[in-house]
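Contents: one structure, followed by commentary.
All of these numbers come straight from a predicted model, not from anything done at the bench.
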Amino acid sequence: MPICLAFFIIPAVTTAPPPLPWLTPHDPFPPVSTAWGQDSPLPGLLAAGAVVDAPHLQAAYQQGIFPWFSPGQPPLWWSPDPRMVLQVERFRLHRSLRQTLKNFQRNPHCSIRIDHSFRQVMQHCAATPRPGQDGTWIVPSIIDAYCDLHAQGLAHSVETWIGGELVGGLYCVALGRAVYGESMFAHQRDASKIALAALVALCRSAGVVQIDCQQATQHLASLGAAEMPRDDFLQVAQAQQTYPAMHWQFSPHLWATLGLPTYD
């Protein structure tokens, strides 16, 4: 949305939290079943410590874990239950977005690019103001870590370009055909939704069945995402990880997977 494709703020803890494992850089992650439950101050919190680098990120996402923390905090690792997930066949293409996409398709100055400006997408996600958010967890060291993952072919950006300018987009982690959404931004109306629609089209064409959105928001729910038990999410995600990575390249004919007409 991280987003994740969602973005949330860690609330102040006013009650004594359960014991939390502290990880050294060489410790494995604890089982996700030990993450704090819904009756705890921070549901889904699993552990603190370790380091946020490409190897730890890969190991985390393989187990359904993601990092998120505020500046000045140690790394915090999360695995919520339930999990917000977009089943790609349930993506809701509302009438207004459908018309926006048709206009986008017909405009020769509009295009979807994949992995053209990954670092820039992350920087925009970090810098774009959001309601109720005073800062960002996407600090330079986090950007470097995900860029290292991107260099290994395990993180990708889907970008909305209009008139030669990057106006919206998202980035995600992809292990095999398991896709984990992180964050998105828009500098023009619906620019991030266009990128998400393109990601859904790409996933449908490649047999990817779900996109992890991490945490529930009304915005994601309006687009078709819904909560599902963590165990069910992990069963699908870990099976998808065993498939070869999909081809991360967008072609305009993929819009047809959303029921949109294609234009020459």
Side-chain angles (χ1 to χ4, degrees), residues 1-7 86 88 91-140 142-143 146-147 149-150 155-174 179-205 211 213-214 217-220 222-225 248-264:
M1 142 111 118
I3 105 186
C4 45
L5 294 172
F7 209 103
L86 176 60
V88 298
F91 176 65
R92 292 178 187 159
L93 191 58
H94 298 289
R95 181 180 300 176
S96 60
L97 180 57
R98 180 181 294 273
Q99 187 58 51
T100 295
L101 287 171
K102 288 180 179 179
N103 294 338
F104 184 86
Q105 289 175 266
R106 288 193 291 256
N107 189 332
H109 302 293
C110 295
S111 63
I112 295 294
R113 301 181 187 180
I114 304 290
D115 293 338
H116 182 274
S117 300
F118 183 87
R119 181 178 290 270
Q120 190 177 357
V121 168
M122 287 200 69
Q123 291 169 336
H124 283 311
C125 287
T128 301
R130 303 168 196 268
Q133 175 193 333
D134 294 328
T136 179
W137 83 287
I138 310 175
V139 297
I142 297 297
I143 293 175
Y146 279 87
C147 284
L149 206 62
H150 169 63
H156 302 275
S157 58
V158 182
E159 307 159 11
T160 304
W161 288 76
I162 299 178
E165 294 185 10
L166 175 63
V167 298
L170 61 86
Y171 71 97
C172 58
V173 172
V179 177
Y180 306 85
E182 273 300 316
S183 189
M184 55 187 177
F185 79 96
H187 290 168
Q188 290 191 24
R189 183 177 178 179
D190 289 339
S192 60
K193 291 181 182 178
I194 292 171
L196 178 58
L199 176 61
V200 170
L202 185 63
C203 287
R204 286 184 178 182
S205 71
I211 300 171
C213 300
Q214 300 178 348
T217 69
Q218 288 185 339
H219 173 65
L220 290 169
S222 73
L223 295 170
W248 283 86
Q249 183 173 343
F250 190 83
S251 173
H253 79 272
L254 295 178
W255 291 122
T257 67
L258 302 182
L260 292 167
T262 55
Y263 302 92
D264 293 333

Those residues that, when tested against [X], pass side-chain hydrogen bond (donor to acceptor under 3.5 Å, both in side chains) (two or more places apart):
{"X": "Ser157", "value": "Glu159"}
{"X": "Arg119", "value": "Asp144"}
{"X": "Gln99", "value": "Asn103"}
{"X": "Ser117", "value": "none"}

> When Phe185 is tested against each of Leu166, Thr160, Val167 for side-chain contact (heavy atoms from CB on, under 4.5 Å), which residue passes?
Replying inline: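 Testing Phe185 for a side-chain contact (heavy atoms from CB on, under 4.5 Å) against Leu166, Thr160, Val167 leaves exactly one candidate, Leu166.
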> Are Leu86 and Leu223 close enough, and set up right, to give a side chain to side chain contact (heavy atoms under 4.5 Å, CB included), and what steps lead you there?
Replying inline: CA-CA 8 Å; Leu86 176 60; Leu223 295 170; 5.5 Å; no
> Taking only residues two or more places apart in sequence, or in another chain, which ones meet Arg204 in a salt bridge (charged side-chain N to carboxylate O under 4.0 Å, His left out)?
Replying inline: Glu89
> So how far is it from Cys213 SG to Tyr180 OH, rounded to the nearest 0.5 Å?
Replying inline: 13.0 Å
> From Tyr171 OH over to Asp115 CG, what is the distance, rounded to the nearest 0.5 angstrom?
Replying inline: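 Output value for this atom pair is 14.0 Å.
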> So Ile211 and Cys172, side chain to side chain contact (heavy atoms under 4.5 Å, CB included) or not? Walk me through it.
Replying inline: CA-CA 9 Å; Ile211 300 171; Cys172 58; over 6 Å; no
>> Tell me which pairs pass salt bridge (charged side-chain N to carboxylate O under 4.0 Å, His left out) where either residue lies in residues 187-196, with sequence neighbours left out.
In response: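 Residue pairs with at least one partner in residues 187-196: Asp190-Lys193.
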> Can you list every pair that meets salt bridge (charged side-chain N to carboxylate O under 4.0 Å, His left out) and has a residue in residues 96-107, with sequence neighbours left out?
Replying inline: none
>> Could you check whether any side-chain heavy atom of Leu170 comes within less than 4.5 Å of a side-chain heavy atom of Val121, counting everything from C-beta outward?
In response: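 They are not in contact (no side-chain heavy atoms under 4.5 Å apart), so the answer is no.
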> Can you name the residues that form a side-chain contact (heavy atoms from CB on, under 4.5 Å) with Ala155, not counting sequence neighbours?
Replying inline: Phe118, Leu149, His150
> Of all residues at least two apart in sequence or in a different chain, which pass the side-chain contact (heavy atoms from CB on, under 4.5 Å) check with Gln249?
Replying inline: His247
Minimum heavy-atom distance between [X] and [Y], given as atom pair plus value:
{"X": "Cys203", "Y": "Val179", "answer": "SG-CG2, 4.2 Å"}
{"X": "Ala191", "Y": "Gly168", "answer": "CB-CA, 3.7 Å"}
{"X": "Ser222", "Y": "His94", "answer": "O-NE2, 2.6 Å"}

> Going through the distances and angles, do Ile112 and Leu202 end up as a side chain to side chain contact (heavy atoms under 4.5 Å, CB included)?
Replying inline: CA-CA 11 Å; Ile112 295 294; Leu202 185 63; over 6 Å; no
N/O donor-acceptor pairs under 3.5 Å from side chains in residues 252-259, not counting sequence neighbours:
| from | atom 1 | to | atom 2 | distance (Å) |
| --- | --- | --- | --- | --- |
| His253 | ND1 | Ser251 | OG | 2.8 |
| Thr257 | OG1 | Leu254 | O | 2.8 |

> Residues in ring-ring contact (aromatic ring centres under 6.0 Å, His included) with Phe91, at least two apart?
Replying inline: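 Partners of Phe91 by the ring-ring contact (aromatic ring centres under 6.0 Å, His included) criterion come out as none, since no residue qualifies.
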> What residues, two or more places apart in sequence or in another chain, satisfy ring-ring contact (aromatic ring centres under 6.0 Å, His included) together with His116?
Replying inline: Trp161
> Does the Gln105 side chain pair with the main chain of Pro261, one donor and one acceptor, at a distance under 3.5 Å?
Replying inline: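 Checking the backbone N and O of Pro261 against the side chain of Gln105, a donor-acceptor pair under 3.5 Å is found.
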